[in-house]
Amino acid sequence: SSPLSLAYVMYTSGSTGRPKGVMVQHRSVVSLLDAMQRVVALGPGDVFLAVTTFAFDISVLEVFAPLSRGACLVVAHRQETLDSAMLAATIVGRGVTAMQATPAMWSMLFDSGWSGAAQLTALCGGEALSRPLAQLLRQKTGQAWNVYGPTEATVWSSFDALSGADVV
């Protein structure tokens, strides 16, 4: 296998609304993992909670980022992703230090009374991030990042730290 070999094909309608297969090479996945390591810096003491179905490209990062850095991967059950109390209990009970989710999922957690987690690196992407949610993520987690990218760019093509100045 070479860096140009196909890693996977992800089907998406993207911005066109017309289904298409996006072919992603190994080198693109490795480049994503290296870039995200500079942001999240996972290591053997970390626990990454994967909450995204394998049908979405986001799962590529959720699975391979922790495993490629010696961190623990916890795959949430579907029930946990639909029940904010169960999800919050998993974050606490498993000592989760990193999680990426959509704004809708982060909002679900906060709306249910979740108080956040100081040790958590929060990645938020897949939908528009509102200013109030950005403020909550920044205040209630150890660090928070807004991430964005189309499937064609191998999951995330941009990321920005949510700092106090960004969310005031």
Side-chain angles (χ1 to χ4, degrees), residues 7-8 10 12 24 29-30 32-149 151 154-164 166-168:
Y8 61 88
M10 185 66 60
T12 181
V24 178
V29 175
V30 170
L32 167 74
L33 295 175
D34 286 344
M36 290 307 298
Q37 180 63 14
R38 289 190 295 274
V39 171
V40 180
L42 294 171
D46 286 299
V47 178
F48 197 109
L49 179 60
V51 297
T52 306
T53 174
F54 296 124
F56 290 103
D57 63 342
I58 297 168
S59 67
V60 170
L61 180 68
E62 289 182 339
V63 170
F64 294 111
L67 294 180
S68 68
R69 304 301 178 181
C72 177
L73 170 64
V74 175
V75 179
H77 295 277
R78 177 154 169 75
Q79 294 164 311
E80 289 171 300
T81 65
L82 298 173
D83 183 318
S84 55
M86 287 178 71
L87 188 58
T90 299
I91 292 169
V92 172
R94 299 300 297 264
V96 173
T97 60
M99 180 175 124
Q100 74 174 350
T102 62
M105 185 171 286
W106 288 115
S107 292
M108 177 185 79
L109 273 168
F110 287 120
D111 290 348
S112 72
W114 181 63
S115 60
Q119 84 285 357
L120 187 65
T121 295
L123 301 170
C124 187
E127 304 163 358
L129 175 59
S130 71
R131 177 162 282 176
L133 180 57
Q135 289 173 327
L136 278 173
L137 284 168
R138 181 61 195 110
Q139 294 166 359
K140 304 288 185 174
T141 64
Q143 59 176 307
W145 295 84
N146 186 18
V147 291
Y148 169 80
T151 300
T154 312
V155 189
W156 303 130
S157 57
S158 65
F159 42 87
D160 192 32
L162 299 176
S163 68
D166 297 332
V167 296
V168 174

task: Could you tell me whether Y8 atom OH has more than 12 heavy atoms of other residues or ligands within 6.0 Å of it?
output: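 Result for OH/Y8: enclosed.
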- prompt: Is it true that atom CZ of F110 has more than 12 heavy atoms of other residues, nucleotides or ligands lying nearer than 6.0 Å?
  reply: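 Result for CZ/F110: enclosed.
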Full working for side-chain contact (heavy atoms from CB on, under 4.5 Å) between E80 and L49: CA-CA 11 Å; E80 289 171 300; L49 179 60; 5.7 Å; no
query: Going through the checks in order, is the side-chain contact (heavy atoms from CB on, under 4.5 Å) test met by L136 and W106?
result: CA-CA 9 Å; L136 278 173; W106 288 115; over 6 Å; no
- request: Tell me, with the steps shown, if M105 and L87 meet side-chain contact (heavy atoms from CB on, under 4.5 Å).
  value: CA-CA 10 Å; M105 185 171 286; L87 188 58; 3.9 Å; yes
query: Do D46 and R69 have side-chain heavy atoms sitting under 4.5 Å apart?
result: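 A side-chain contact is absent here, since even the closest heavy-atom pair is not under 4.5 Å.
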query: Looking at side-chain heavy atoms only, is the closest gap between F54 and V63 below 4.5 Å?
result: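 Yes. Closest side-chain heavy atoms under 4.5 Å.
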Roughly how far, to the nearest 0.5 Å, is the [atom2] atom of [Y] from the [atom1] atom of [X]?
X: W156; Y: D57; atom1: CH2; atom2: CG; answer: 7.0 Å
X: T151; Y: M10; atom1: OG1; atom2: CE; answer: 7.0 Å
X: T81; Y: M108; atom1: OG1; atom2: CE; answer: 7.0 Å
X: L61; Y: L32; atom1: CG; atom2: CG; answer: 5.0 Å
X: M99; Y: T121; atom1: CE; atom2: OG1; answer: 12.0 Å
X: I58; Y: Q100; atom1: CD1; atom2: CD; answer: 5.5 Å

message: With a 3.5 Å distance limit and no angle check, can you tell me whether Q119 reaches the backbone of G142 through a side-chain donor-acceptor pair?
response: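 It does not hold such a pair.
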- prompt: Within the distance-only criterion (no hydrogens, no angle test), does the side chain of T141 pair as donor or acceptor with the backbone N or O of R138 below 3.5 angstrom?
  reply: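 Absent.
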Between [X] and [Y], which heavy-atom pair has the shortest distance, and what is it?
X: L42; Y: A71; answer: CB-CB, 4.4 Å
X: V51; Y: A76; answer: CG1-CB, 4.1 Å
X: C124; Y: L129; answer: SG-CD1, 3.7 Å
X: A98; Y: V40; answer: CB-CG1, 4.3 Å
X: P103; Y: A128; answer: CG-O, 3.4 Å
X: L137; Y: A122; answer: CD2-CB, 4.0 Å

- prompt: Yes or no on side-chain contact (heavy atoms from CB on, under 4.5 Å) for V24 and V29, after CA distance, side-chain angles and deciding distance?
  reply: CA-CA 7 Å; V24 178; V29 175; 3.8 Å; yes
